[in-house]
Amino acid sequence: MSKQVRVRFAPSPTGPLHIGGVRTALFNYLFAKKNNGTFYIRIEDTDQNRFVPGAEAYIFEALNWLGIAPDETIGINEKFGPYRQSDRKHLYKDYAMQLVHNGGAYYAFDTAEELDALRKEAEAAGQTFIYNHSNREMLTTSLNMTTSELEARLYNEDPYVIRFKTPVDETLVLQDLIRGEVKFDTNLLDDKVLFKSDGMPTYHLANIVDDHLQETSHVIRGEEWLPSLPLHYMLYRAFGWEAPQFAHLPLILKPVGNGKLSKRDGDKLGFPVFPLEWTAPTGEISSGYREKGFFPEAVVNFLALLGWNDGTEQELFTLAELVEKFDLNRVNKSGAKFDPEKNKWFNHQILMNKADDVLATLFQKDLDAKDINVPFDTLVRIVGLVKDRANFVTELYDLSDYFFVAPTAYDPKGLKNWKEETPELMKQLIAVLDGISDFTSLNIENTVKEWLSANEIGMGKVMQPFRISLVGAMKGPHLFDIVEILGKEETISRLKTAVENIKL
């Protein structure tokens, strides 16, 4: 690549960051790091009517949690600041005026009422009103005014917007790094507003000016921005600037049915569509992947594979591996279906790969909340025994509760092998256990099996009632590992309780 790679993620602080936006940020981050470039964040807050307090902070917290924090942004390496568009608003009018003066844009004085009347008139005729080359010479614009008329309107401070003057009869043949060649007929495009009557730029103008001034080399964004590509390209051309290279990522699709993934899909099917929990100004709470117990590595992993693959069967990647392997040529053109169940699988794999002491530290928080105290070394062993059945750390307690609290009830399904002779066998087992001095899993197992063999007692007659006595159900890891962790005193106590309380 001839110029230094500089890519940006430019969210608007209008609410929580959708998981689709997170993927866009991730792909920009991976592309920057792969090419020894810079990943920066610009907050696009020109639409003050949609600004939501707390949304900007949420964006940065989410990216930091995921491990894809920017190299440059507000308060960090501000080489091309400011990085908040509302702090740059003094820049945009001059650029809008530059386009007016070179013929690339024009003043439009039409009122909202006049435009609404034109739309209704078109609808009545079965047509759609488009503000473009077909009518701009007949509307209230500087294109059909004398210099004195225009000066009078400006002197009187008549409200106006500045619109882009879309060229006529041109076919734009543009290159997209993911989609290849894309064509647009300029006669089908409208003359977009670039500068509003309230003195603020629209997204289109501010976006182009900022990308140019902040030396953006590549614009990697969602497919929904593809219809804006011709306008953005023509704006670069009208200013006489070199355009960045563009890449439009495929949509993230609903798990079932057709269409783009939305918050409603998450609400309906019970999975988050935001990285972090979000409390709206109305008080409505939307769930987040962090609060649901997902590891950031899992979220990064499943998002990376939504529309991209490295050409192999590999599914689990570290962030460093993703950086090394990432290539826009491997991004698909078609949409990627969101799979909440597969996302749980990713989290399970990440959980399994974490050290038992790391998981125990996380699990300790759940036990603290329940006022349960266990030696940390013991907790590490417990985690190692049950983690293969867990998708989330929050599931570890339900998988291991019997280590901390003796059962007070017994699963009826597990009692089918509790026979008339079982209480006597359990009393004999208690005596065997009581005589063991080396109370370790292997030694306990060997001793119990020797007793069974010497007395010709079937394994099923003892082992299943033994487990139901300790656990309360037919679940859990290797029985004698459970016995060792519970210890002799607790094991015998639970056996006695079972003998006393289980009645046929």
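Quick note: numbers below take in every heavy atom, side chains included, and nothing from hydrogens, waters or symmetry partners.
Between Tyr29 and Phe39, the ring planes are perpendicular. Angles over 60° get that label, and only those under 30° would be called parallel. The aromatic rings of Phe129 and Tyr131 sit perpendicular, their planes meeting at an angle over 60°, well past the 30° parallel limit.
Side-chain contact between Asp71 and Tyr40 is absent, with no heavy-atom pair separated by less than 4.5 Å.
The aromatic ring centroids of Trp278 and Tyr58 lie less than 6.0 Å from each other. For an aromatic pair to be called close, the ring centres must be under 6.0 Å apart, and Trp225 with Tyr203 satisfies this. For an aromatic pair to be called close, the ring centres must be under 6.0 Å apart, and His218 with Phe31 satisfies this.
For the side chain to side chain donor-acceptor pair (under 3.5 Å) test, no residue two or more places apart in sequence or in another chain qualifies with Thr282.
Partner of Lys325 under the side-chain contact (heavy atoms from CB on, under 4.5 Å) criterion, chosen from Gln314, Arg330, Lys34: Gln314.
The shortest heavy-atom contact between Ser400 and Phe363 is OG-CZ, 3.6 Å.
Looking only at distances, no side-chain donor or acceptor of Arg494 sits under 3.5 Å from a matching main-chain atom of Ser469.
Remark: Lys89 is not positioned above the aromatic ring of Tyr92, lacking an NZ or CZ atom under 6.0 angstrom from the ring centre and at most 45 degrees off the axis. At least one cation-pi condition fails for Lys292 and Phe392: the charged atom is not both under 6.0 angstrom from the six-membered ring centre and inside a 45 degree cone around its axis.
Side-chain N/O atoms of Tyr160 and Asp110 include no donor and acceptor closer than 3.5 Å.
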